Amino acid sequence: MLIKDSITTIVPVLLQHDRLYALNETLSRIPSGNNIVIVDSGDPDLLPLIDQSNVKKLIYREQNLGQWETRREGLAHVDTEYVHFLDAD
């Protein structure tokens with residue numbers, strides 16, 4: 001059995017208005033107390049609308065570097081033994 005302090009969920013997202021609801025819905029389904037890192041390279045005006053009640057770190061990048069660079073950016077902020085990636089939608 002994994003202890004929640006040993007796993008981080010990285011959510012790479014290119015946030016746009018039509019994806020905000022799906023992102024917040026996804027975040028609401030993750031039990032509280034988990035390590036969540038969101039890496040966003042979308043619309044910066046939407047950042048305050050993200051449900052951050054369960055988010056350990058929110059990273060914003062002005063330039064969209066693609067899915068793999070976004071994941072690597074998230075990995076740079078992980079200090080747990082296990083990591084998994086979760087699509088925002």
Side-chain angles (χ1 to χ4, degrees):
M1 182 170 128
L2 289 177
I3 299 172
K4 61 184 166 185
D5 289 338
S6 67
I7 189 163
T8 297
T9 301
I10 297 176
V11 185
V13 61
L14 178 61
L15 194 56
Q16 298 169 346
H17 283 281
D18 61 336
R19 295 182 181 168
L20 181 63
Y21 175 80
L23 173 62
N24 283 333
E25 182 68 23
T26 298
L27 293 174
S28 73
R29 294 176 187 216
I30 299 172
S32 64
N34 284 278
N35 299 307
I36 301 173
V37 175
I38 296 177
V39 184
D40 175 39
S41 55
D43 184 346
D45 294 334
L46 297 178
L47 293 177
L49 302 177
I50 295 174
D51 177 8
Q52 297 181 43
S53 60
N54 202 19
V55 175
K56 179 179 179 183
K57 182 127 184 120
L58 177 60
I59 304 160
Y60 177 74
R61 299 190 54 103
E62 281 189 32
Q63 183 180 7
N64 180 3
L65 300 176
Q67 184 71 244
W68 295 110
E69 276 303 315
T70 301
R71 288 174 183 239
R72 278 195 272 285
E73 176 74 26
L75 283 171
H77 299 275
V78 171
D79 58 2
T80 57
E81 186 174 357
Y82 301 100
V83 175
H84 81 276
F85 296 94
L86 181 64
D87 288 338
D89 54 359

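Since the structure is predicted, the reported quantities are computational estimates derived from the model, not experimental observations.
- Two residues are said to be in side-chain contact when any heavy atoms from C-beta on lie closer than 4.5 Å; N54 and L27 fail this criterion.
- Residues V37 and V13 do not share a hydrophobic cluster, clusters being chains of Ile/Leu/Val/Met/Phe/Trp/Tyr side chains in contact below 4.5 Å.
- Contact of the K56 side chain with the D79 side chain is registered, since non-hydrogen atoms from C-beta on lie closer than 4.5 Å.
- D51 places no side-chain N or O within 3.5 Å of a backbone atom of N24 that could act as its donor or acceptor partner.
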Expected list for residues 39-46: side-chain donor-acceptor pairs under 3.5 angstrom, two or more places apart:
residue : atom : partner : partner atom : Å
D40     : OD1  : L15     : N            : 2.9
D40     : OD1  : G42     : N            : 2.8
D43     : OD1  : D45     : N            : 2.9

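- Residue L75 is not grouped with residue L65 when hydrophobic side chains (ILVMFWY) are merged at heavy-atom distances under 4.5 angstrom, including chains of intermediate members.
- Not one N or O on the side chain of N64 forms a donor-acceptor pair closer than 3.5 Å with the backbone of L14.
- Between N35 and I7, the shortest heavy-atom distance links the atoms ND2-O, 3.2 Å.
- Partners of R71 by side-chain contact (heavy atoms from CB on, under 4.5 Å), not counting sequence neighbours, listed by chain and number: P12, Q67, W68, F85, D87.
- Between atom NZ of residue K57 and atom CD1 of residue I10 there is a gap of 12.5 Å, rounded to the nearest 0.5 Å.
- When the side chains of ILVMFWY residues are joined at heavy-atom separations under 4.5 Å, either directly or via intervening members, I59 and V83 end up in a single hydrophobic cluster.
- The environment of OH in Y60 is crowded: more than 12 heavy-atom neighbours from other residues, nucleotides or ligands sit within 6.0 Å.
- Atom CG of L58 sits about 11.5 Å away from atom CD1 of I36, to the nearest 0.5 Å.
- Annotation: side chain of V55 is not in contact with side chain of V11 (no heavy-atom distance under 4.5 Å).
- Here the straight-line distance linking atom CG of L47 with atom CG of L20 works out to 10.0 Å at 0.5 Å rounding.
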